[in-house]
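Have a look at the structure below, then the notes.
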Amino acid sequence: MSSSDTPAPDVPATADPGPAAPSDERPTLAQVVAALDGLYPPSTAEGWDAVGLVAGDPAAPVRKVLFAVDPVSAVVDQALDWGADLLVTHHPLFLRGTSSVAATTFKGSVVHRLLTGGCALHVAHTNADAAPRGVADALADLVGITDRRPLEVSGTASDDGAGARGIGRVGRLAEPTTLADFARRVAAALPATAQGIRFSGDPDATVTTAAVLGGSGDGYFDAVRAAAADVYVTSDLRHHPASELRERAEFESRAAGAPGPAGTPFLVDTAHYASEWPWLRYAVEDLAAALAADGLAVEARVSELVTDPWTGQVPSR
């Protein structure tokens, strides 16, 4: 996976805790991990996932925390150059089992470089997807979804869905818009990538409800259909699932004699990295608040390196 120096959107990237109160003190890694686990409980991660502390001494003090989507080499360089004591990434370094962290492998070298530089590594993946103010909520906020609830609830929800844990979000748009204009809104809100934004459906069709899921989301088409969303924003859409969803939507719309543009949900496909990056801002703010409640403080920052693996695009004709 490669990186670009292209910055993500111009948004606040650092949580400044302000002047430290006399009682403020730097936490240990164990205390920071406890705060992160409170925000993103490991028990809410999917069963196949690998979340939590990957490397680091729980007794070590933490002054600086860098948040990023991917634990790639360029992000490690950034963390070490800044003097970070902890790197928190959304994607796991070791999603599948490994028998070696030798520096002769590219993943093993990440571990060695981080530990030699005094920087720990922690992962919040599907547990951050499901959390309030997690990946899904951050994406829903950016594209303007209100009155929302999880696509699939994994915790106890209140009557209006607020504070619920679960994968994805679905709700109402603040005002109706066309599919094309909605896709342009998504493109303007997310980090620029070589892929850009693709959509499927009548560009002039009106959409009033939307569902979002950061990262790979074509496994949740049934939930999107059950929620009756007009449009679904997600990433990594594959040809066959996307084609079958649209064909089924159009067929059922014609069979029902529905007026207007045929077949919802429409689809908006984003780069995987881009759909998950917005959460990092919330994570910085929420970690600072969680630590402050215990009289602790760190300096936390969002990496603006674009770690989408695609670096260019040639238009087809």
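For clarity, every value in this text was computed on a predicted model and none was experimentally measured.
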Nearest heavy-atom contact between G56 and L115 is N-CD2, 3.8 Å
Here the salt bridge (Lys or Arg N to Asp or Glu O under 4.0 Å) pairs for residues 104-133, sequence neighbours left out, are D77-R113, R133-E285, R133-D286
The reported gap from CG in L190 to CG in L139 (rounded to nearest 0.5 angstrom) is 6.0 Å
Please confirm whether the backbone N or O of E250 pairs with a side-chain atom of S253, one donor and one acceptor, at under 3.5 Å?
no
* **pair V302-W277: side-chain heavy atoms closer than 4.5 Å** => yes
Donor-acceptor contact present, side-chain H112 to main-chain V101, <3.5 Å: yes
Answer with yes or no whether the hydrophobic clustering places F199 together with L173; edges join I, L, V, M, F, W, Y residues whose side-chain heavy atoms lie under 4.5 Å apart. yes
Item to complete: Determine yes or no for a side-chain-to-main-chain donor-acceptor pair under 3.5 angstrom, with D70 supplying the side chain and V72 the backbone.
Response: no
Item to complete: Measure the shortest side-chain to side-chain distance between L287 and L36 over non-hydrogen atoms and say whether it is less than 4.5 angstrom.
Response: yes
**Q.** Flag, side chain of R165 to backbone of T44, donor-acceptor distance under 3.5 Å
**A.** no
Verify whether one side chain among D230 and T208 offers a donor that lies under 3.5 Å from an acceptor in the other.
yes
| message | Pair R169, D137 - check side-chain contact (heavy atoms from CB on, under 4.5 Å), show working. | response | CA-CA 7 Å; R169 294 294 184 268; D137 274 334; 2.8 Å; yes
Worksheet item: Just by distance, do the side chain of R254 and the backbone of A249 share a donor-acceptor pair under 3.5 Å?
Response: no
Q: Following the transitive rule for hydrophobic clusters with a side-chain heavy-atom cut-off under 4.5 Å over Ile, Leu, Val, Met, Phe, Trp and Tyr, establish whether V268 and F221 coincide in one cluster.
A: no
- Flag side-chain contact, heavy atom, 4.5 Å: P92 against V51: no
For A274 and T193 the tightest heavy-atom approach is CB-CG2, 4.1 Å
Is there a continuous path of hydrophobic side-chain contacts, each under 4.5 Å between heavy atoms, that joins V54 to L66? yes
- Query: Hey, does the side chain of T234 reach the backbone of L213 with a donor-acceptor pair shorter than 3.5 angstrom?
  - Reply: yes
Verify the cluster assignment for I145 and V224: are they in a single hydrophobic cluster under the rule of side-chain heavy atoms below 4.5 Å apart?
no
For this session: Take V212 and Y232 through the side-chain contact (heavy atoms from CB on, under 4.5 Å) test and state the conclusion after the steps.
Result: CA-CA 6 Å; V212 298; Y232 179 38; 5.9 Å; no
In the structure I gave you, are the side-chain heavy atoms of Q31 and L296 within less than 4.5 Å of one another anywhere? yes
So salt bridge (Lys or Arg N to Asp or Glu O under 4.0 Å) across residues 179-199, not counting sequence neighbours, yields D181-R184, R198-D269
Check: Could you walk me through whether V207 and T177 pass the side-chain contact (heavy atoms from CB on, under 4.5 Å) check?
Finding: CA-CA 6 Å; V207 294; T177 187; 3.7 Å; yes
Does a side-chain heavy-atom distance below 4.5 Å link L267 with L237?
-> yes
To the nearest 0.5 Å, atom CZ of R248 lies from atom OG of S243 at 13.5 Å
All heavy atoms of A290 vs all of A35, minimum pair found to be CB-CB, 4.2 Å
field: Q313 atom CD, over 12 foreign heavy atoms within 6.0 Å
entry: yes
Contacts satisfying salt bridge (Lys or Arg N to Asp or Glu O under 4.0 Å) that involve residues 205-228 (not counting sequence neighbours) are D218-R238, R225-E252
Taken in chain and number order and not counting sequence neighbours, the residues that satisfy salt bridge (charged side-chain N to carboxylate O under 4.0 Å, His left out) with D141 are R148
For S235, the side-chain hydrogen bond (donor to acceptor under 3.5 Å, both in side chains) test, sequence neighbours excluded, returns T270, S275
#### Entry: G171 backbone acceptor or donor facing D147 side chain under 3.5 Å
no
If you measure from the Lys or Arg side-chain nitrogens to the Asp or Glu carboxylate oxygens, is any gap between R301 and E299 under 4.0 Å?
yes
| Is the closest side-chain heavy-atom distance between L86 and L121 below 4.5 Å? | no
_Common cluster, V170/V233, ILVMFWY with side-chain heavy-atom separation under 4.5 Å_ = no
Quick check: do T89 and V69 have side-chain heavy atoms less than 4.5 Å from each other? no
Quick note, side-chain hydrogen bond (donor to acceptor under 3.5 Å, both in side chains) partners involving residues 49-64, not counting sequence neighbours, are D49-H125, D49-T126
- Please tell me if the side chains of V231 and P265 come closer than 4.5 Å, counting only heavy atoms from C-beta onward. no
| Less than 6.0 Å separating the ring centroids of H272 and H90? | no
**Message:** Would F182 and F266 count as a side-chain contact (heavy atoms from CB on, under 4.5 Å) here? Give the steps.
**Reply:** CA-CA 11 Å; F182 180 75; F266 303 123; over 6 Å; no
